[in-house]
Amino acid sequence: MLSLFKRDLNFRRASMMFALTLALGGCGKDDDAKPSTAAEHSAKVQVTHVTKKTLSRMDQLPGEIRAFQDVAIYPKVPSFIKWIGVDRGSKVKKGQVMVELTAPELAAQKNEALSKSLAAEGQLSEAQAKVASARATLREAEAQFAGDNDTYQRTNDASKVPGVVAPNDLVVLRDKVAADKEKVSAWKENLQAAKDQVVSAKNMLAASKKSTSYYNQFEDYLTITAPFDGYVTERNLHVGSFVGPRGQGAYPSIVTVQELDLLRIIAPVPEVDVGGVVPGAKVSFTVSTHPGENFEGTVARLGNYLEKRTRTMPVELNYPNPGWRILPGMFCEIHWPTRRKSESLFVPVTAVDTTSTLEMFVQKIDQNDEVVWVPVKRGEIMGKMTEVFGDLHDGDRIALQADDGLRPKTKVEPVESQADDADQKKISAH
C-alpha cells in the first residue's frame with residue numbers, strides 16, 4: 001500500500017510539471033505573436049484638481065453668558081444696616097437709594113474733629129494777633145533807633161568844636177543808639193517767630209478741616225445707591241446686621257446688582273481660528289431655554305491671550321437683551337464663523353494619504369500622466385475638503401483617492417471625477 005501511494009504521488013507531480021511547461025510555452029508564443037503596449041498596463045485613476053479657496057465654515061462653540069456689569073455692594077465704612085429697600089428680584093434705577101446705614105462712632109469722631117478745627121482756628125487768630133503786635137513794636141523800635149541815631153550824629157559833629165559838648169553826653173548818646181539797634185533786631189526775630197506760629201496754625205487748621213471733610217464723606221457713605229440700572233440678584237443681610245468694607249473681616253456683600261439690558265457672550269475661540277476674528281462681526285447663538293430660536297451678538301472685545309489649559313482665546317460678544325429673555329449664567333451654543341484672511345489650497349479629504357509613511361502626501365498626476373508624491377501639511381477641514389500646504393498649485397491634478405500602491409513614476413490613465421467637482425462647487429457656493 002505504501003509503495004502504491006508513493007507512485008501515485010510521483011505521477012501527480014510529473015503531471016503538474018508538464019502542465020506548467022505547456023502554459024509557459026503558450027504564453028511565450030502569445031507574446032511573440034502580439035507585443036504588449038504600455039497603455040494596456042496603465043491603471044485608470046480618478047483624478048480631481050487642487051482648488052484655491054478662502055476658508056469659511058461654521059463651527060459650534062460652547063459659550064458662557066454674563067451680565068455686562070455685575071457688582072457686589074459693600075459699605076465703605078463699618079456700620080449697621082438701618083434700612084434696606086430692595087430684595088432679590090428688585091429692579092433698580094441708577095442713583096436709587098437701596099440701603100441706609102448708621103455708624104454711632106463716626107458721629108463722635110466727627111464731633112472731635114470739629115472741636116480740633118475750632119481750636120486750630122483760635123490758635124491761628126492768636127498767632128495772627130502776635131504778628132500784628134510784634135510788627136507795631138518793631139516799627140516803634142525802628143523809629144526810636146532812627147531818632148536817637150540822628151541825635152547822636154549831630155552831637156558827634158558838634159563835639160568836634162572844643163567846649164561845645166561834654167564828652168560824657170556823647171558816650172551816653174552812643175550807648176543809647178546801640179541799645180536801640182539791638183531792640184530793633186530783637187523785635188525782628190519776634191516778628192518772624194510770630195509769623196512761623198501763624199504758618200503752623202494754618203497747617204493745623206487745614207488738617208482739621210480735611211479731617212472734618214473726611215467725616216462728612218463718611219456720612220455720605222452711609223447712604224448706598226444703585227450704581228446703574230439693573231436687577232438685584234442676591235441679598236445676604238437684613239436690618240440690624242453689622243457690615244464692613246470688603247477685605248476687612250469676613251463680611252458678605254449686602255446685595256448684588258447685575259445689568260441685564262446688555263450681556264456679555266464669552267466664546268472660547270481655538271488657537272487656529274484666532275487670526276480670523278473680526279471685531280464688529282455678527283455672530284449667532286442659541287440657548288436651551290428658547291429652542292429653535294437664534295440670537296445675534298456683535299464681536300466687541302478680544303482677550304488677546306491664550307488660556308494655557310485649553311489653548312483658546314476668550315472673545316466677548318455684546319448682546320442687547322430686550323425684555324431680559326436671556327439671563328446671566330446660562331450656557332449657549334455659538335455658531336462661530338471660522339474664516340481665513342487670505343486664500344489657500346484645498347483638496348478632497350480622501351486625496352491625502354497618512355497611512356504609508358510618517359509624512360502626509362498627495363499623489364499628483366503630472367503632464368506625462370505619471371504619479372508624483374508631494375508631501376503636504378494638512379490645515380483646516382471645510383466640508384469634504386481639507387486645506388493643504390505643500391508644493392502644489394491651483395489646478396494641479398491629483399488622485400481623488402490616495403493609494404500607496406500608486407508608486408512614484410507609475411504611468412496611469414487619468415479619469416476626471418465629476419462627482420467631486422460637483423462637491424467642490426457646492427462648497428464654493430456655501
Side-chain angles (χ1 to χ4, degrees), residues 74-80 101-225 242-249:
Y74 288 84
K76 294 183 178 181
V77 294
S79 52
F80 293 91
L101 307 172
T102 180
E105 294 181 356
L106 289 180
Q109 294 172 358
K110 180 182 177 181
N111 291 334
E112 182 180 355
L114 286 173
S115 299
K116 289 182 178 180
S117 180
L118 292 174
E121 288 179 353
Q123 292 177 0
L124 176 59
S125 298
E126 183 179 352
Q128 288 173 337
K130 287 182 179 181
V131 168
S133 175
R135 184 176 288 114
T137 305
L138 175 59
R139 289 175 180 173
E140 291 179 0
E142 289 175 338
Q144 183 68 37
F145 169 72
D148 291 342
N149 187 56
D150 184 65
T151 302
Y152 170 71
Q153 294 298 335
R154 291 176 183 273
T155 304
N156 186 46
D157 292 341
S159 67
K160 295 178 181 180
V161 178
V164 176
V165 177
N168 186 55
D169 292 341
L170 185 61
V171 172
V172 171
L173 287 174
R174 186 181 60 192
D175 292 343
K176 189 175 183 181
V177 169
D180 291 341
K181 187 175 181 180
E182 291 179 359
K183 186 180 293 186
V184 169
S185 179
W187 277 108
K188 283 183 178 180
E189 293 178 358
N190 290 340
L191 177 59
Q192 185 59 46
K195 288 181 178 180
D196 291 341
Q197 289 183 359
V198 169
V199 173
S200 177
K202 284 183 177 180
N203 291 336
M204 290 180 61
L205 180 60
S208 62
K209 285 185 176 181
K210 185 176 181 179
S211 179
T212 303
S213 175
Y214 179 67
Y215 284 107
N216 287 336
Q217 290 180 354
F218 273 4
E219 288 187 347
D220 295 337
Y221 296 160
L222 297 179
T223 299
I224 299 177
T225 59
F242 182 75
V243 292
R246 185 175 186 178
Q248 298 183 9

Quiz item: Looking at residues at least two apart in the chain, or sitting in another chain, which of them share a salt bridge (charged side-chain N to carboxylate O under 4.0 Å, His left out) with Asp175?
Solution: none
Exercise. Measure across Leu138 and Leu191 and return the closest heavy-atom pair with its distance rounded to 0.1 Å.
Key: CD2-CD2, 3.9 Å
Quiz item: Closest approach of Leu222 and Ser79, non-hydrogen atoms and distance?
Solution: CD2-CB, 4.1 Å
Exercise. Give the intermediate values and the outcome of side chain to side chain contact (heavy atoms under 4.5 Å, CB included) for residues Thr223 and Leu101.
Key: CA-CA 6 Å; Thr223 299; Leu101 307 172; over 6 Å; no
Quiz prompt | Sequence neighbours excluded, every pair satisfying side-chain hydrogen bond (donor to acceptor under 3.5 Å, both in side chains) that has a member inside residues 185-194 | solution = Gln192-Asp196
Self-check item: By ring-ring contact (aromatic ring centres under 6.0 Å, His included) - contacts of Phe80 (at least two apart)
Solution: Phe242
Quiz item: Quick one: side-chain hydrogen bond (donor to acceptor under 3.5 Å, both in side chains) pairs with a partner in residues 125-146, sequence neighbours left out?
Solution: Gln144-Asp148
Quiz item: Distance from Asp150 atom CG to Leu173 atom CG, nearest 0.5 Å?
Solution: 11.0 Å
Quiz prompt | Under the salt bridge (charged side-chain N to carboxylate O under 4.0 Å, His left out) test, residues paired with Arg174 that sit two or more places apart | solution = none
Self-check item: salt bridge (charged side-chain N to carboxylate O under 4.0 Å, His left out) partners of Asp180, counting only residues at least two apart
Solution: none
Quiz item: How long is the gap from CG on Asn149 to CD on Gln153, to the nearest 0.5 Å?
Solution: 5.0 Å
Practice problem: Look up atom CG in Asp220 and atom NZ in Lys76, then write down how far apart they are to the nearest 0.5 Å. | Solution: 9.0 Å
